[in-house]
2 protein chains.
Amino acid sequence: MAIGIKISLNEGLYQRDPQETTLGQKIIKNSILLIDEIGLEAFTFKKLAQKMGSTEASVYRYFENKHMLLLYLVSWYWEWVSYLIDFNTMNIEDPVRRLRIIIKTLVSAQKENPAIDYVNESVLHRIIIAEGSKAYHIKAVDEENNKDFFFNYIQLTKKVAQVILEIKSDFPYPRALASNLFEMANNHIYFAEHLPRLTDVHVNDEDFSEVEQMLEFFAFSLLKCQKS
Amino acid sequence: MAIGIKISLNEGLYQRDPQETTLGQKIIKNSILLIDEIGLEAFTFKKLAQKMGSTEASVYRYFENKHMLLLYLVSWYWEWVSYLIDFNTMNIEDPVRRLRIIIKTLVSAQKENPAIDYVNESVLHRIIIAEGSKAYHIKAVDEENNKDFFFNYIQLTKKVAQVILEIKSDFPYPRALASNLFEMANNHIYFAEHLPRLTDVHVNDEDFSEVEQMLEFFAFSLLKCQKS
DNA sequence: TCTTAATAATAGCAATACTATCATAGATAA
DNA sequence: TTATCTATGATAGTATTGCTATTATTAAGA
């Protein structure tokens with residue numbers, strides 16, 4: 001794993017690029033910890049500033065509001081997963097093996113060696129699981145989609161859909177299967193931990209292997225091919 | 001469709017039962033319309049009271065806060081879907097046909113003849129699609145789950161999981177498939193309308209037949225059996 | 001050394017998320 | 001019938017949220 005990757009994100013997501021400054025990095029680092037700790041609803045820029053030893057006004061210079069900060073974190077996460085997928089599937093020809101690696105990466109991204117010291121990938125993963133879908137379940141979804149604010153998620157879907165089509169070129173729902181794998185990966189980790197009667201899998205600590213198995217089962221059953 | 005069904009919900013969801021009084025019914029009716037209109041984030045009890053010609057304090061006598069109101073609406077919706085499924089699958093023996101009817105009901109519940117005059121089922125359906133998952137993506141999920149606040153969703157999952165097991169008794173993920181069908185039904189209607197590159201299906205107006213087809217394809221491919 | 005840019009410190013304001021009190025109108029019970 | 005009880009309305013008040021604005025200070029660059 002390379003040190004010092006810069007995750008490249010839509011510039012419209014922030015007012016000032018948080019990756020460029022120490023304060024920006026502190027905002028990212030502490031917002032991840034604080035959202036995880038108290039939840040998105042209770043999270044405010046004032047509390048964040050207090051935790052960081054900075055001020056509300058300074059946080060507002062980086063992000064327009066907490067929704068944009070969430071969108072930034074979500075985009076960061078999916079871009080990072082996308083990077084991991086590229087890295088882990090490099091030089092692998094067989095699309096079936098590529099899809100298996102994609103699924104593994106989806107559920108265990110947080111276990112990779114941390115790439116960037118101001119992002120706790122494991123905690124960020126929890127946030128994506130618990131709050132991620134709130135980033136696009138908003139009234140202004142069309143407007144923000146026009147500004148390409150969901151670019152990273154959509155690109156990743158496209159990438160995985162292409163692998164699916166390599167496996168079975170006439171599969172009728174490649175993008176739906178791809179996005180569903182992402183949603184299921186997160187939902188069923190959440191269900192296993194909080195609403196266990198909505199799923200059949202179990203997780204303990206950070207062992208998500210049952211989720212991985214289930215996603216493989218779903219994907220390869222639909223693609224009517226054996227895991228190789 | 002019977003007139004005057006009373007949807008029975010966990011009493012912990014409300015302070016005073018809104019189904020019992022005119023004001024309560026007005027709160028349900030207008031909150032559905034207002035959340036749909038301005039979105040959950042912008043929705044407040046003050047705005048609701050203004051729209052209704054009542055007061056903030058009166059609304060608080062029915063619901064502790066807007067989260068509980070959302071949870072009430074979501075529970076109401078799933079209980080109603082559950083009722084429709086029971087009604088529509090009555091006297092049908094073949095579990096494969098039952099599952100097809102369940103899927104149809106999931107995507108087109110809002111088209112059934114309205115059962116209750118103070119609930120606009122079509123608008124409520126839009127709210128569930130756009131905001132429904134926020135009902136359980138909250139910090140207090142475990143606490144609320146202990147109070148059985150997600151009872152209706154969990155029961156419905158159980159019911160559908162049983163049908164799945166009737167089709168294929170050794171299917172390893174009956175509850176996960178059931179809950180995934182619900183999530184997909186809502187997500188892909190939302191995606192088709194707002195983030196079309198995350199799906200392969202299209203919807204126009206209230207024609208969700210492509211979503212229905214896709215869910216059938218997913219379910220029956222996984223269950224490795226033909227639609228009958 | 002001068003200038004600029006970034007941050008801190010502080011204030012302020014409108015809206016939100018409630019809680020409390022009191023008045024009143026309608027239904028119910030004595 | 002009167003008394004009372006209950007639901008709602010009317011009003012007020014408080015702490016917090018979600019910002020914006022102003023000024024001071026500090027660090028970095030020219």
Side-chain angles (χ1 to χ4, degrees), chain A residues 11-31 34-35 37-73 118 131 134-135 137-140 143-144, chain B residues 11-31 34-35 37-73 118 131 134-135 137-140 143-144:
Chain A
E11 293 184 4
L13 295 175
Y14 48 79
Q15 310 277 101
R16 194 194 303 293
D17 187 349
Q19 292 185 100
E20 298 269 295
T21 68
T22 331
L23 182 65
Q25 296 178 1
K26 269 176 69 183
I27 290 173
I28 300 306
K29 177 179 182 154
N30 288 281
S31 63
L34 189 55
I35 292 173
E37 194 186 323
I38 65 177
L40 186 68
E41 275 66 42
F43 173 87
T44 68
F45 279 6
K46 187 164 210 165
K47 289 175 189 165
L48 172 62
Q50 272 157 3
K51 186 186 177 79
M52 290 168 50
S54 179
T55 66
E56 216 182 342
S58 296
V59 179
Y60 274 103
R61 281 190 206 101
Y62 282 83
F63 293 101
E64 206 184 326
N65 51 45
K66 89 173 162 184
H67 167 247
M68 292 309 295
L69 173 55
L70 175 67
L71 201 45
Y72 183 92
L73 296 176
Y118 56 88
E131 321 277 10
K134 294 174 190 171
H137 280 121
I138 44 159
K139 204 65 192 171
E143 204 183 310
E144 295 191 2
Chain B
E11 294 184 4
L13 295 175
Y14 46 80
Q15 311 278 105
R16 192 196 304 291
D17 187 348
Q19 292 184 100
E20 299 270 296
T21 68
T22 330
L23 182 64
Q25 296 179 2
K26 269 176 70 182
I27 289 173
I28 300 305
K29 177 179 181 153
N30 288 281
S31 63
L34 189 56
I35 292 173
E37 193 185 322
I38 64 177
L40 187 67
E41 276 66 41
F43 173 87
T44 69
F45 280 5
K46 186 164 209 166
K47 290 176 190 165
L48 172 62
Q50 272 157 5
K51 185 186 179 78
M52 290 168 51
S54 179
T55 66
E56 217 181 342
S58 296
V59 179
Y60 274 102
R61 285 190 197 103
Y62 282 83
F63 292 102
E64 205 184 326
N65 51 45
K66 89 172 161 185
H67 167 246
M68 292 309 295
L69 173 55
L70 175 68
L71 202 45
Y72 182 92
L73 296 176
Y118 55 89
E131 322 278 8
K134 294 173 189 171
H137 280 121
I138 43 157
K139 203 63 193 173
E143 204 182 310
E144 296 191 2

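From a predicted model like this one, the values you see are computed outputs, not experimental measurements. Residue numbering restarts at 1 for every chain, and letters A, B, ... go by the order of the sequence lines.
A:Glu131 approaches A:Leu70 most closely through the heavy-atom pair O-CD2, 3.9 Å. Between B:Phe45 and B:Phe63 the shortest heavy-atom distance is CE2-O, 3.6 Å. Across every non-hydrogen atom of A:Glu41 and B:His137, the tightest pair is OE1-O, 4.2 Å. B:Lys66 and B:Leu40 get closest at one heavy-atom pair: NZ-O, 2.7 Å.
Rounded to whole angstrom, the span from the CG atom of B:Asn65 across to the C1' atom of C:dT19 amounts to 14 Å. Between the C1' atom of C:dT7 and the CD atom of A:Gln15 lies a distance of 16 Å, rounded to the nearest Å. Between the NZ atom of B:Lys66 and the P atom of D:dT17 there is a distance of 14 Å, given to the nearest Å. Here C:dT16 presents its P atom at 9 Å from CD of B:Gln50, a figure rounded to the nearest Å. Atom CG in A:Leu23 sits about 5 Å away from atom P in C:dT7, given to the nearest Å. As a whole-Å value, the separation of B:Phe63 CZ from C:dT19 C1' is 19 Å. In this structure, CD of A:Glu20 is placed 16 Å from P of C:dA5, rounded to the nearest angstrom. In this structure, the NZ atom of A:Lys26 is 17 Å from the P atom of C:dA6, given to the nearest Å.
For the segment residues 54-61 of chain B, residues with any heavy atom less than 4.0 angstrom from an atom of DNA chain D are, sorted by number, B:Ser54, B:Thr55, B:Ser58, B:Arg61. Contacts with DNA chain C (heavy atom under 4.0 Å) in residues 39-49 of chain B: B:Thr44, B:Lys47, listed by number.
Within the structure, every side-chain polar atom (N or O) of A:Arg16 is placed at least 4.0 Å from both OP1 and OP2 of C:dA5.
Applying the side chain to side chain contact (heavy atoms under 4.5 Å, CB included) rule to A:Lys139 yields no partners; only residues at least two apart in sequence or on another chain are considered. B:Gln25 pairs by the side chain to side chain contact (heavy atoms under 4.5 Å, CB included) definition with B:Tyr118, not counting sequence neighbours.
The CD1 atom of B:Ile27 sits 12.5 Å away from atom CG of B:Leu34, with the distance rounded to the nearest 0.5 Å. In this structure, A:Asn30 CG and A:Lys47 NZ are separated by 15.0 Å, a value rounded to the nearest 0.5 Å.
Side-chain contact between B:Ile28 and B:Leu73: present, with at least one pair of heavy atoms (C-beta onward) separated by less than 4.5 Å. Side-chain contact check for B:Leu69 versus B:Phe43: some heavy-atom pair is nearer than 4.5 Å.
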**Asked** For every nucleotide of nucleotides 24-30 of chain D, 5' to 3': is a protein heavy atom under 4.0 Å from its base (B), only from its sugar-phosphate (S), or from neither (-)?
**Response** -------
Per-pair distances, 0.1 Å, donor-acceptor, side chain in residues 48-57 of chain A, under 3.5 Å, sequence neighbours excluded:
from: A:Lys51; atom 1: NZ; to: A:Glu37; atom 2: OE1; distance (Å): 3.3
from: A:Thr55; atom 1: OG1; to: A:Ser58; atom 2: N; distance (Å): 3.4
from: A:Thr55; atom 1: OG1; to: A:Ser58; atom 2: OG; distance (Å): 3.0

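In the set C:dC18, C:dA6, D:dG9, the nucleotide with an atom closest to the side chain of A:Tyr62 is C:dA6.
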